[in-house]
*Asks:* 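Before we start, here is the structure in question, set down as structure tokens.
Just follow the structure's listing: the first ligand is 1, and inside any ligand the first atom is 1.
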Amino acid sequence: MQAALLHDVSNVVPKDRMMSIAEAQSIDIIDEELRFPRIVHQKLSKDMAMEIFGCTNMAILNAIECHTTLKAGASPLDKVLFVADKISWELPGEHPYQEMMRQRLEVFDLDGAILVYLNHVWGQRDKLKVMHPWLIEARQELLASSKHLA
Ligand SMILES: [Fe+2]
């Protein structure tokens with residue numbers, strides 16, 4: 001519940017101030033986040049959950065921290081928050097990957113739903129500003145450990 005409520009709490013911060021606040025909070029920022037500062041909101045939300053809301057549950061904090069990109073070695077809570085985040089987006093237009101994710105979830109295939117999304121992003125890598133290394137590593141790990149095809 002806390003993970004669901006707090007994962008996007010940093011969106012109260014104007015986008016053009018996210019990076020400076022993250023730096024002031026000594027959050028570890030990587031090159032990909034500097035190039036596309038919006039991604040840092042997952043780490044900033046974790047920091048705000050700790051500092052402002054007093055959350056000390058590391059399982060919740062970790063899930064918040066990777067809810068946009070996932071990461072290798074993700075916990076079940078990390079995965080559930082990640083998938084919930086992606087299928088709850090109300091996006092204009094057709095987004096077949098969301099329906100494909102729901103189909104995987106209907107048969108309790110959480111990793112399969114994740115791979116649908118990660119493969120969708122991977123397929124757009126030439127168009128995207130950045131590919132976060134956590135997302136790449138999460139995809140590689142799932143592909144290596146599962147029966148799912150790229
Ligand atoms: Fe988010």
*Asks:* Looking at Gln42, is its backbone amide N or carbonyl O close enough to the side chain of Ser45 to form a donor-acceptor pair, meaning the two atoms are under 3.5 Å apart?
*Replies:* no
*Asks:* Any ring-ring contact (aromatic ring centres under 6.0 Å, His included) involving residues 25-46? Give me the pairs, sequence neighbours left out, ordered by first then second residue.
*Replies:*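 Applying ring-ring contact (aromatic ring centres under 6.0 Å, His included) to every pair that reaches into residues 25-46, excluding sequence neighbours, yields His41-His67.
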*Asks:* Under the side-chain hydrogen bond (donor to acceptor under 3.5 Å, both in side chains) test, which residues partner His7, sequence neighbours left out?
*Replies:*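 In terms of side-chain hydrogen bond (donor to acceptor under 3.5 Å, both in side chains), with neighbours along the sequence ignored, His7 is linked to Asp85.
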*Asks:* Counting N and O atoms only, with roles assigned by atom type, does the side chain of Glu99 sit under 3.5 Å from a partner on the main chain of Pro96, one being a donor and the other an acceptor?
*Replies:*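 Checked: no pair found.
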*Asks:* Apply the hydrophobic cluster definition, ILVMFWY joined by side-chain contacts under 4.5 Å directly or through others, and give me every member besides Trp134.
*Replies:*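 Hydrophobic cluster check, Trp134: no partners found.
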*Asks:* Which residue, Thr68, Ile27, Ile64, forms the side-chain contact (heavy atoms from CB on, under 4.5 Å) with Lys43?
*Replies:* Ile27
*Asks:* Below 2.8 Å of the Fe ion (ligand 1), tally up the protein N/O/S atoms for me.
*Replies:* 3
